[in-house]
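Indexing begins at 1, ligand by ligand and atom by atom, following the structure's order. We use all heavy atoms of the structure for the numbers below, so side chains are in, but hydrogens, waters and symmetry mates are not.
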Amino acid sequence: MHKERLDKNAYSTMNQGASQRAGRKKDMKLNSICVQGGYTPGNGEPRQIPIVQSTTFKYDTSEDMGKLFDLEASGYFYSRLQNPTHDYVAAKIAQLEGGTAAMLTSSGQAANFMALFNICGCGDHIVASSTIYGGTFNLIAVTMKKMGIEATFVSPDATEEEINEAFRDNTKLVFGETIANPALTVLDIEKFAKCAHAHGVPLIVDNTFATPVNCRPFEWGADIVTHSTTKYMDGHAAAIGGAIVDSGRFDWMAHGDKFPGLCTPDDSYHGVTYAERFGKEGAFITKCTVQLMRDLGAIPSPQNSFLLNLGLESLHVRMKRHCENGLAVAEYLSGHPKVAYVNYCSLPGDKYYPLAQKYLPDGSCGVVSFGLKGGREAAGIFMKSLKMAAIATHVADARTCCLNPASSTHRQMNDEQLKEAGVPAELIRISCGIEDKEDLIADIAQALEKCEGNH
Ligand SMILES: *Cc1c(COP(=O)(O)O)cnc(C)c1O
């Protein structure tokens, strides 16, 4: 029953056959997809997506189950690989991004690792933007390096020529973030996609901060999109999670020598050749599900997928308010005498304003970073004096939160190292929630009053 309620045009591939049926919401616009995408209940069925809290699924005959294992029939057999609750939510996210297939993972870290590892292994090479989330930087530069995967980091501001120089014969993909966390740089997606495609490899974009409400990277040439759904998609600091979405456009077979995992038989899966059997639209997510999720097991709980879906139902409404508050706070800070600088790509005059106008014309996100003229000491006093904004290692929450990386996440670094990492000692990152902007600004104003002036 459940798999038949999956919406067409956005499916988790093991169930693509079954999901061809329910196509009536295919042409919905983005806001409607947030609310109604992914799941269409039948007559007398639950209005809200069912939480299928079951590790396993029952079959009448071994032959029935055998067909599932051979990927000849679609259906569920064990929740480490797939579960209906995840599939409803993955289908919604695929629809939002305009992709052909999607899957959920237990965290954003798992999503990025599995998306990368799905097409590169020992002896391969990655080109990545240098301003990416610290966790992803560690993943690529330290952990994946131990697996024999090398990486070259290029500035998001690099010219095409400079990016092209980073490629090697064994380069398998290019990676960047639409809006980088916490650097708040904006990726020139078209530029990076052009370089990737010129070398016969896909561009993978982490779209966590922008969300599909503000940017759909596939429209600009990205091939795979990843998310930490922990951030705006959940939006309530309730559930860690991740997602991988395929545009269905990258032609793996045209570059078969680079992607043997997709283009030659998988001995661990009865000799299936994913790119042949599932085509451009389904190969990437099918392989990632039946091979990597099977072996690595980073699956969310159905309960968390349900919570994620609740978040998605209001994503379009919340993003609007996050952006409105972010812009109001950025404008206020940029006019304040004790503030040395403000980073916010939707603020006219910001270095990334022109790119934001192109890729994020309706708004960027609620995260603003800034430095105080009083330096590290003033940052400490400012943070301590905030009343509404909580100090938390989190962003993209409905509640405003604030962080001084130098005294928390980047505490082990000295001032010199902090500068190099793009998080100078005085930098404060404020993630504007969806409260009244007047209250946020009043809180910031009273905290700034307590800080010393212009050292
Ligand atoms: C938080 C974050 C991640 C990691 O996600 P988790 O859900 O915390 O594992 C990856 N990328 C970006 C851009 C993030 O902000």
Could you list the donor-acceptor pairs under 3.5 angstrom formed between side-chain atoms of residues 130-139 and any protein atom two or more places apart in sequence or on another chain?
unit_1: S130; atom_1: OG; unit_2: V154; atom_2: O; d: 3.4
unit_1: T131; atom_1: OG1; unit_2: S129; atom_2: OG; d: 3.4
unit_1: T131; atom_1: OG1; unit_2: T185; atom_2: OG1; d: 2.8

Pairs of donor and acceptor atoms involving the side chains of residues 191-199, under 3.5 Å and at least two apart or interchain, shall be tabulated with distances.
unit_1: K191; atom_1: NZ; unit_2: P156; atom_2: O; d: 3.3
unit_1: K191; atom_1: NZ; unit_2: A158; atom_2: O; d: 2.6
unit_1: K194; atom_1: NZ; unit_2: E160; atom_2: OE1; d: 3.1
unit_1: K194; atom_1: NZ; unit_2: E160; atom_2: OE2; d: 3.4
unit_1: H197; atom_1: ND1; unit_2: A193; atom_2: O; d: 3.3
unit_1: H197; atom_1: NE2; unit_2: D223; atom_2: OD1; d: 3.4
unit_1: H197; atom_1: NE2; unit_2: D223; atom_2: OD2; d: 2.7
unit_1: H199; atom_1: ND1; unit_2: C195; atom_2: O; d: 2.8

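R399 has no carboxylate O lying under 4.0 Å from a charged side-chain N of E435, or vice versa, which leaves the two without a salt bridge. Between R376 and D415, at least one side-chain nitrogen of the basic residue sits less than 4.0 Å from a carboxylate oxygen of the acidic one, meeting the salt-bridge criterion. Using a 4.0 Å cut-off between a side-chain N of Lys or Arg and a carboxylate O of Asp or Glu, E190 and K358 qualify as a salt bridge.
Scanning the protein for heavy atoms near atom 5 (O) of ligand 1, the closest one is S228 OG, 3.0 Å. Given atom 6 (P) of ligand 1, the protein heavy atom at minimum distance is G108 N, 3.4 Å. Taking atom 9 (O) of ligand 1 as the reference point, the nearest protein heavy-atom neighbour is Q109 N, 2.9 Å. The protein atom (non-hydrogen) at minimum distance from atom 2 (C) of ligand 1 is K231 NZ, 2.5 Å. Closest to atom 13 (C) of ligand 1 among all protein heavy atoms lies D206 OD2, 3.4 Å.
Shown in contact with N181 at under 4.0 Å from a heavy atom are these atoms of ligand 1, numbered in order with element: 14 (C), 15 (O). Atoms of ligand 1 lying under 4.0 Å from at least one heavy atom of E177, given by number and element, are 13 (C). Within the listing of ligand 1, atoms 7 (O), 9 (O) sit less than 4.0 angstrom from a heavy atom of S107.
Taking the ring centroids of H336 and F370, they lie at or beyond the 6.0 Å cut-off.
Considering backbone and side-chain atoms alike, F209 places every N or O at 3.5 Å or more from each N or O of ligand 1. Below 3.5 Å of separation, one finds an N or O of T230 facing an N or O of ligand 1.
Taking CD from E426 and OH from Y341, the interatomic distance works out to 3.5 Å, rounded to the nearest 0.5 Å. Here CD1 of I204 is found 12.5 Å from CD of E177. Values are rounded to the nearest 0.5 Å.
By the 4.0 Å heavy-atom criterion, G241 is counted among the residues contacting ligand 1.
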